[in-house]
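Take a look at the structure below.
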Amino acid sequence: MTTYSGPATLILVDGARVTGMASLGTNNRGNLNGWSGTFRPNEVNTDIRNATEGLQLELPYDQIGEVTVTGVRKLLATQVLMSLVGRGPAPF
């Protein structure tokens with residue numbers, strides 16, 4: 001299993017960029033392109049809470065992967081944790 005944990009930028013459908021921290025890993029269940037994890041945005045607004053598909057996750061050094069949000073969980077009054085599933089090769 002390959003993993004990544006560190007800074008990332010979630011790119012919304014409208015091109016808005018949201019910085020935060022990602023924790024990602026590959027899924028070794030016969031699908032070499034499978035990967036998933038979580039993203040904790042530094043700021044939270046309605047657009048972020050409603051984001052689901054057509055998103056991209058950018059890691060340092062311009063590595064980008066397509067992601068779908070499968071769930072959003074409230075951590076604190078001002079923080080959320082987004083569950084992600086990647087499509088295509090893992091960007092890490």
Side-chain angles (χ1 to χ4, degrees):
M1 175 184 267
T2 303
T3 62
Y4 171 81
S5 185
T9 302
L10 185 66
I11 304 170
L12 304 180
V13 175
D14 65 1
R17 300 170 67 82
V18 180
T19 58
M21 296 296 286
S23 180
L24 309 168
T26 56
N27 305 328
N28 292 330
R29 294 185 188 149
N31 181 1
L32 298 176
N33 288 334
W35 56 283
S36 60
T38 59
F39 177 74
R40 185 176 46 83
N42 292 336
E43 60 183 70
V44 179
N45 61 36
T46 303
D47 290 340
I48 295 168
R49 290 181 198 272
N50 294 333
T52 56
E53 295 186 8
L55 310 174
Q56 294 181 314
L57 190 65
E58 181 179 23
L59 304 182
Y61 311 110
D62 298 324
Q63 299 166 306
I64 297 177
E66 292 183 34
V67 295
T68 298
V69 175
T70 58
V72 177
R73 186 176 57 150
K74 193 173 189 179
L75 293 178
L76 300 171
T78 59
Q79 291 185 348
V80 297
L81 186 66
M82 305 171 84
S83 298
L84 307 175
V85 172
R87 279 186 260 152
F92 51 93

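Side-chain atoms are counted along with the backbone in the values below, which use heavy atoms only and exclude waters and symmetry mates.
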Can you see which heavy atom on [X] is nearest to which on [Y], and at what distance?
| X | Y | result |
| --- | --- | --- |
| Val69 | Ala51 | CB-O, 3.5 Å |
| Ala22 | Ala8 | CB-CB, 3.7 Å |
| Leu24 | Phe92 | CB-CE2, 3.7 Å |
| Thr26 | Ala90 | CG2-CB, 4.1 Å |

Can you tell me how far [atom2] of [Y] sits from [atom1] of [X], rounded to the nearest 0.5 angstrom?
| X | Y | atom1 | atom2 | result |
| --- | --- | --- | --- | --- |
| Ile64 | Leu57 | CD1 | CG | 9.0 Å |
| Leu84 | Ser36 | CG | OG | 8.5 Å |
| Leu75 | Leu81 | CG | CG | 5.0 Å |
| Ile48 | Asn42 | CD1 | CG | 9.0 Å |
| Gln56 | Ile11 | CD | CD1 | 5.0 Å |

For residues [X] and [Y], determine if any side-chain heavy atom of one lies less than 4.5 Å from a side-chain heavy atom of the other.
| X | Y | answer |
| --- | --- | --- |
| Asp47 | Val18 | no |
| Pro7 | Thr19 | no |
| Leu55 | Thr68 | no |

Check your understanding: When clusters are formed by joining ILVMFWY residues with side-chain heavy atoms under 4.5 Å apart, either directly or through shared neighbours, do Val85 and Met82 land in the same one?
Key ->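 Looking at the clustering, Met82 is in a separate group from Val85.
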Check your understanding: With hydrophobic residues grouped by side-chain heavy-atom distances under 4.5 Å, do Val13 and Phe39 end up in a single group?
Key ->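 Looking at the clustering, Phe39 is in the same group as Val13.
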Check your understanding: Any donor-acceptor pair under 3.5 Å linking the side chain of Trp35 with the backbone of Gly88?
Key ->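 Judged by distance alone, yes, a pair lies under 3.5 Å.
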Review point. So among Thr70, Val72, Val67, which one has a side chain to side chain contact (heavy atoms under 4.5 Å, CB included) with Ser83?
Key: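 Only one option passes, and that is Thr70.
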